[in-house]
Structures are given as C-alpha cells and as structure tokens.
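Notes to accompany the following structure.
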Amino acid sequence: MAVATGHADTTGGHPPVGHGELIKAVDRALTTHGRVLLTGPAGSGKTEVLRALTEAAALRHETVLGLAPGATDRWIPEASAAALLASVPATALDSLSGPQRTAIALLRREADAPRAGRDHVALRLAVVEVLRTLAARGPVLLALDNAQWLDAESTDLLRFALRLTPPRVRVLAAECVQGGAPLCEPLCGPDTPQIRVPPLGTDEVAELLVRRGLPARLAGRIHQASGGNPRLALALGHSLAEAAGSREGGAHHADPLPVSGQAREVARRLLGVVPAQARRTLLFAALAARPTTALLRRAGRPDAEAELAVAERAALLTVEEDGTIRFTAGALPTALAADAGWPERAAAHAALAAAVDDPVQAVRHRALAVDAPDEALAAEITVAAASCRRRGQRAQAAELGLLAADRTPGHLPAEELARLVGAAEDAGWAGRADLARRATRAVLARDASPADRVRARLAVIDAEGQALGSLDETFAHAAADAEGDPALQAAIRLRVAWKHNLSDGDPVLSRDAAAQAGVLARSGGDQVAEAMALTVRARMGRILGDPDAEEILAEALALPAPDVPLGMRNAPQYLAVRHALFDDRLADAGRQLLVLLPAVRRTGSAEDVFEVLRSLTEVELRRGRCAAATAHARDALRLTVEAGLSPGPAWYVAAMAEAMGGGFPRAAGYARRGIQASEEEHDQIFLSRGLYVLGLVELATGEAAKAVATLRRVAELEAAQQVVDPSILRWHGELAEALVAADAPDEAAELQARVRTTALGLGRTSVIAALDRARGLCLSAHGEAEAAVALLEDTAERFAGLELPLERARTLLALARVERRRRRRAPARAALAAAAEAFARAGATPWAELAREPSPSGNEGGGGGARPLAALTEAETRLAVLVAQGASNQEAAAKLFVSVKTVEARLTRIYQKLDVRSRAQLATTLRPR
C-alpha cells in the first residue's frame, strides 16, 4: 500500500509494452464514469497499467491513494482498510471529530484485534470525512491493485464511503480473473465499466523481450507459448536463456519451448483458479491432438461444457461454436500434462483412444496408454507414421516413429533401428531438431551401419535449417562414416555447400563444394542430389556474376524432377522463379509461384511454404500490387510464428510490405526487429536485407544521413559475401540517392558509375534505370538541371516499359523535386500529381502521402519559406531549418549525423545561395510570411 501526492517517480523507465491505447481508454473511462474495473488473468500487465495511470495522475498533482492487498489479507477483517488509512497524510485527519479520530486510531493499531468495542459507525463516517478533505484540495485517485484480495469488511467500508464522496474521488480497481464475476464489483457498483487487459501481440512480445535483454528472434514462439501473457512470456524467455547453456537443452526452430522452472510456476498459477474436477477435463483437452467438447464427452467427461466454461472465464482457453477447444497459451497444455502423474495420463489416453474418430490418433493414444513393448502395436504405430508422412505431417510422423521404436520388442533390433532412422529423417524434414537429435542418439547407441549413421546425422543437419554454423563435428563424423559411398558423400558435400552460403557467407566455397557434390552424385547415380548440386552452383554463379549461371540452371532443370526434393527452396524449379524475379519477368514468376504454393503446402515443409510466400510478396511489390503483397507477407509472418521458424526473414518480408503499402513507422519497427534477430542468429543474408529496408525507409522519410550509414552497412555485408550481381538486392541506387540527399553527390556519382558498368555487362536493365534515377539527382545537385530533367523523364518512361509502376512513380517524385529546385512550378506539380496517382493506384499508401505533402525542399503552398528553400539541396534545407530554429553547429552536426566541419562548409554554401550573412538573416529569410 502506498500514497502519493504531487510528482510521481517515473524513473522506472518505459511505459507498459503494448498498452498505450489501453491506458488512454482507461483514463477516458475514469474521466467519464469516475470508476473503472481493470480485469485480466494473472501476469497480464494490470499492475503495470495501473502504475502508469497513477504516475500520470501524480504528475498532474492529484492525490493518489494506492492499495495492494496480499492473498492472506483477504482473511483478516478490515486489514485493507487499516493499510489504506495508515498511509493517509496526518493533515487529512485534522478535521475529524473525537470519536472518528479514535475509531481510525484503533483500526490502524489493531486491525487483527477483536472487533468488539469498536465504533463502526464512527469509523465509516471518518473514512468519508478523510476522502472529502482530500477531495477539497484537488482530484483524488484511489488505485486498488489485487482487488480480489480485499477482505469483506474493508470492501463494505469502502463501498459505504465511496457512495458519499464527491465526484473528484475516482476509483481504479485491478482484479485478477478468477473464473467468475469480479469480486470487487460490489465495491465499484454494477454499472462500473469493466476493461479487460488484452494479451500482447507478437511485436509487443518482441519489444518486451528486447527490454529485458532476451533474444527477440524467439518472440513468435514465445508469443504462441505464452498467449501474449507478459509474465509467462518473460518466464519462458528466462527458461530458454537457462537452457541455452546446453546445446541439446536449447530450443531450435520448431522444437517445443521448455516449460520449466519459473515458466512452469507461472503456468501453474494461471491454472490454479480452476477446480480440481475441471482440471481433469483440461488434462483430456491437453492430451488430445484436436480437442472438442464432443470428444471429451465421448471420453467420459459428461460435464465438459460447464467445466470448460470456468476455464474460459479465466481466459485459459476458448471454445468455438463448433466445440473446438483452443488453449490461449501453448504452455498451458504442456504444464497440465507435465504435472499429471503417469496413471492419470495413461487413463486419459486410454479414454481418448476409444473416443477419437481418427485411426492415427487412436493408435497414438493407445500407444501412450501403455509403457511395455508390443510387437503388434509397434507395427500399427509404424503404419500410422507412414499415413502422417503422406499427409505432410512430418513432425507427427517423427513422434510416432520414436514411439514405434520404443514399443518394439528387444528381439527385433532391425525393425527398431529402421524406425529410429525413419523418425530422424521425418524430424529433419519438419525442422524438429529435438526429435532428430533424440532419434540420432538412439541410432548411434545401437549397432547401426555406417549408412544409417550418416542418414541420422544428415537429419540433424537438415533439422537445423539455416543455423548450420555449429555443426562442424556432425559434418566430420558423417564424412568419416560415408567413406567409400559416393551417394552419401554427395549428400554431405551438398549440405556443406549450403553451410558455406548460409552460415559462412562465402559463395566461392559454396560453389566449389557443390561442384564436388555434383561429381559424387553422378558417380553414385543420385540424380536428385545432382540436380540440387547444380542448383547451388547456379545460385552462387548468379551472386558472383558468372555468365554461365543460367546454363547451369538449365542443366539442373533438365534432370528428372524429384517427387520430394530436399526442400523445394533448394530445387532448380524454385531457383528459376527467383531468377525470373531478379530479371523482372514478374508475370512469369507470379504464375510459377502460384503453382508451387499448393505443392509445398502438401509436403508439410513450413520453410518451403515461407520461401514461396516471401517470393510472392516481392513479386507483387515489384508489380505494384501492394495489397496482395501485404496479404502474402501476413501469411508468411503467421506461418513463421506457428511453425517456429527463424523470424528474421519474416520480419524482413513484413518490413518490405509495410515500407511500400503500409506505413513507414511500422516498416522501420519490423526492419529493426529483423536486423536484431538476424544478428542474433548470425544470418548475414537477411541481416543485409533488413538493413536495406531500414535504409529505404530512412531515405523516404528524409533522414538522409541515417540512410547513408545504414546502406553503407549493406554495402559492406554484400562485399564481404562477394555479391557481384546488383539485381539480387537493389541497394545501390538507394545509397546513391541517399548520398545526394546528404550532400555527397560526387561519391554518389562514383558509386552509380561503378555499379552501372557491372549492370551493363550483365544486362540488368532495371538496375541501370534505378541508377539513372540517382544520376539525375546527381546532375541536379551539380547544377545541370536540364540534363537532370531529361534523364529523369527518360527513366520514368523506361520503368513504365518494364512494367514497374512503383519505380516509375518514385522517379516522377524525384523529377518533381528537381523541377521545384529550379522553380518550375507547373512541371513540378504535374510530375507530383502523376506520382501521387501512380502510388495510389498501386496501394502504396506511405508513398502517396509523400507525393501529396510538401517536401522539405519547399513545395508549393509551403509558406513564405518555400521560395528561398527551393534553391537548396535537401541536405542544405535540413541544416538551414535547424540553424534558423537556433541550433548551434555542434547540435546540428549531432542531429544530422555529420561532422562540425561538414556543417560549416554546408552553411557557407547556404549563405551564398540565399544571399544572407548571419544566422539572424537566415531565420528572417525562412520565416513564413
């Protein structure tokens, strides 16, 4: 319990993550109604919201009375009332009568003493008088946290007092959901607005983790496991951090998160509000693969609906109209199963086995209901695993394969080994490193052949996805076992080639390893591996600017297409789509991707589906279809969360979609999260892509100096990865434009000239056009306005011919700026209108806003400062405005991310162009008329 008046201590740091709009809504409700009840499950953030509101009230010089009873206080009569009155300022008691003062003194000293002899009427009137006295001095906020633990006597006392206090006494109560009606509703009144604290979204969980120094790359999976409950999310984050010390204990990709330690305790507290009988029903739901109310009734839970309703009111699960049951947090069913004893789990599985209508699930439940070897049951489980494999449910197939091996009798070692190897390969396909490692450990502990050992180890490598950097020992053991078998050696060298590209960022080593893999695959008669090896060579050749890359890809495409390649993302058919995208054959690429999408969905590979969605997003953005691109980006982000994939690529895709068709602030947020996740995972490829989007946003929003710094990092990463072909990640024109805007046109000209030579040699037409847009801006900066206008007009026409509407519109926007700079208002207005129309037609909302709004360099209608600003470059404009507003050279240099010497030189040019001699004259010149 605490009392505060005047200024609150806000040194606690940031406001509650994700609850900014909620805080505003509660504040509005308090202003309108004077009473608000804040509800939500334990750990949902009620205390943080309440704290933010009380701090804001104290900053407004309101009197804040805070009360936060503990669980034991509920059973001590008048304990909370005593705590509240103990902290009331002594001056508020001066006007009390003698009996009232005595009643308060007795309560403060003897809250747990016998109640006989106390004057309860005097006590009630005393509390009323205290609140009236405080209200006479100004607004009063009574903040009650953990209101569910108020004792009945204190609730009755406060209810009486609040009925007789003036409207200046407002009440904000926060109560933990207990599965029924709010316990403090009698205190606030039946008409009090009840506002529920919503769960955090994935982005908000990412921000919460970053603030606590936890890996943001796990935000999607932690959000899914926590259901957006901040306390559970942080507990899961800490559990992961503790598990990270052990390679096998850590979580990788789609592995289940460890619900242990603090996380399990939080989950137990959330589940603790449910009665024991209902918890047994929840256990049945937790153990079922697809729980429904009908299934639970058939499994012997006749009161399932009523028992689930209690859990639903406590925000533990939701029951859909069709009876489908969904836990709000993935950690809850895990905790339920972990806390149940073996007999209870076995009985539940036996009941579910008789109730489910899916033969695969029936076999699974029967297997989990026993723990002894059974030859017939093991054979049934193996058949069920094959059925899951055909459905594309590879993770389920891996789990069943391990279960089948566990139920195989000891006199059948060959069957057990085959089931283990099959489970490892299924886990590798599904990206379940935990299952792959478990199966591989079992294979290596048995008398397995070298081929089986290699297959198991390859499954571990495949399960790691892009995180191949720490598997050198696994590669070495696999190579030793594969000695003398060219097909197995080819499979290993192929994965080494992937590792050199993804983890090492070395396309030359990757190309050479792929060449070795191709020779070995041909020798071993493995056409699948041969096609994959040629695909890697073609991909690396494109990166390195090898003119033979297309011929190598054609050779790969000529080989028989495998039914189930080692990931469609590694197949020549998919690389052909990527090349079509790079070459701006966008209609072609879109058609092929829409053919691939249902195919990869059937295989069950989440990484393949994500790759196709990523390419669809990029294709639609290039085609100027921002709405379709945004829809694909959302699907990619949702899939990443559900499948537990690395989030860096998904955040890059979301950032690109937002940068073109959503909003620049959201795009920057996604880009920054993607950058952080890629840095955490040492993913150089998507690190450069995240930085590219951030640089693009900074350039578009006028932060040229920041854009230069960001895009230079992209240039450094691309150089380190030996990327030659400028069509793969088109940062070159953006950096050149940023350099012009940052008043470095000579450097921009040198960059675009150098890249232009490469682009011409490779025939990258649209890259040349983007460079020409930057060259037009360079010409304008050098005072060659006529040449700049001619080049930009020609470039806009070329982009129209290439059917790249957003690039054309951006070129028209640049043309409008150049025309304004030479004070040709009518052509500038026409170019701006054409750009705005093109952006609007494409759904490029943030760019359409840029085309409608006056630019920093002085659009028409911009006030008296527009005409002089038209003579300045964008970099000079920003400096002129800062100096006119009173910034010193040092302050301007810090804000513009340049040196003081650069500021001084730029300021000299500004004075010359505007014919002024001092800061005062500059301010007068720029002052709006």
Side-chain angles (χ1 to χ4, degrees), residues 545 584 622 692 695-696 698-700 702 704-705 707-708 710-712 714-715 718 724-802 804-822 824 827-828 831-832 834-835 838 847 850-851 855 857 870-877 909:
D584 296 312
R622 295 286 288 168
Y692 164 72
L696 172 63
E698 290 167 342
L699 175 62
V708 168
T710 302
L711 292 168
R712 275 181 174 152
V714 178
E718 293 278 285
V724 174
D725 193 324
S727 69
I728 294 173
L729 184 62
R730 304 176 184 225
W731 54 269
H732 316 80
E734 320 293 2
L735 178 54
E737 288 189 41
L739 287 165
V740 174
D743 206 24
D746 292 338
E747 185 180 349
E750 188 277 329
L751 168 67
Q752 66 87 19
R754 184 176 70 250
V755 179
R756 183 185 180 84
T757 301
T758 303
L760 281 169
L762 295 172
R764 308 301 183 231
T765 310
S766 61
V767 173
I768 295 167
L771 293 169
D772 281 346
R773 182 171 60 220
R775 190 157 65 96
L777 294 171
C778 283
L779 291 170
S780 175
H782 282 118
E784 300 177 51
E786 292 289 346
V789 168
L791 180 57
L792 289 171
E793 288 175 341
D794 175 67
T795 302
E797 289 180 10
R798 278 184 283 151
F799 275 131
L802 290 167
L804 299 174
L806 292 179
E807 295 298 333
R808 171 180 170 270
R810 286 185 59 191
T811 307
L812 290 171
L813 192 58
L815 175 61
R817 289 172 178 164
V818 171
E819 291 284 28
R820 274 200 310 268
R821 190 165 295 137
R822 63 176 187 156
R824 286 168 49 90
L832 202 62
W847 292 87
L850 281 184
S855 78
S857 48
L872 305 180
T873 66
E874 292 183 21
E876 290 167 349
T877 297
R909 290 197 298 273

Check [X] against [Y] and note the closest heavy-atom contact, atom names and distance.
X	Y	result
Thr758	Val724	CG2-O, 3.7 Å
Phe799	Ala769	CZ-CB, 3.4 Å
Val818	Ala788	CG1-CB, 4.1 Å
Cys778	Ala748	SG-CB, 3.6 Å
Ala759	Pro726	CB-CG, 4.1 Å
Trp847	Ala700	CH2-CB, 3.7 Å

Nearest-0.5 Å distance that lies between atom [atom1] in [X] and atom [atom2] in [Y]:
X	Y	atom1	atom2	value
Glu786	Leu779	CD	CG	11.5 Å
Arg756	Ile768	CZ	CD1	6.0 Å
Leu791	Ser780	CG	OG	11.5 Å
Leu777	Arg821	CG	CZ	7.5 Å
Leu832	Glu819	CG	CD	11.5 Å
Leu751	Asp746	CG	CG	12.5 Å

- Message: If the threshold is 4.0 Å, N to carboxylate O, is there a salt bridge linking Arg730 and Glu807?
- Response: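 No, no charged N to carboxylate O under 4.0 Å.
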- Query: Given Leu792, which of Arg773, Glu797, Arg775 fulfils the side chain to side chain contact (heavy atoms under 4.5 Å, CB included) condition?
  - Reply: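 Single pass found, and it is Arg773.
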- Query: Among Leu735, Leu739, Val708, whose side chain to side chain contact (heavy atoms under 4.5 Å, CB included) with Glu747 holds?
  - Reply: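 Output: one option passes, namely Leu739.
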- Query: So Asp584 and Thr765, side-chain contact (heavy atoms from CB on, under 4.5 Å) or not? Walk me through it.
  - Reply: CA-CA 9 Å; Asp584 296 312; Thr765 310; over 6 Å; no
- Partner set under side-chain hydrogen bond (donor to acceptor under 3.5 Å, both in side chains) for Glu750, not counting sequence neighbours: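 Partners of Glu750 under the side-chain hydrogen bond (donor to acceptor under 3.5 Å, both in side chains) test: Arg754.
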- Message: Set out, in order, the CA-CA distance, both residues' side-chain angles and the distance that settles side-chain contact (heavy atoms from CB on, under 4.5 Å) for Arg810 and Glu737, then state yes or no.
- Response: CA-CA 11 Å; Arg810 286 185 59 191; Glu737 288 189 41; 3.8 Å; yes
- Query: Taking side chain as C-beta onward, heavy atoms only, is Ser727 less than 4.5 Å from Leu762?
  - Reply: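 No, too far: nothing below the 4.5 Å cut-off.
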- With sequence neighbours left out, what residues match Ala834 under side-chain contact (heavy atoms from CB on, under 4.5 Å)?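 So Ala834 forms a side-chain contact (heavy atoms from CB on, under 4.5 Å) with Leu812.
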- Message: Is it the case that the side chains of Asp772 and Thr795 hold a donor-acceptor pair, with the cut-off being a distance below 3.5 Å and no angle test?
- Response: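 No pair is found: no donor N or O on one side chain lies under 3.5 Å from an acceptor on the other.
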- Query: Just checking, any donor-acceptor pair under 3.5 angstrom between side chains of Arg808 and Thr811?
  - Reply: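 Arg808 vs Thr811: no donor-acceptor pair found between side chains.
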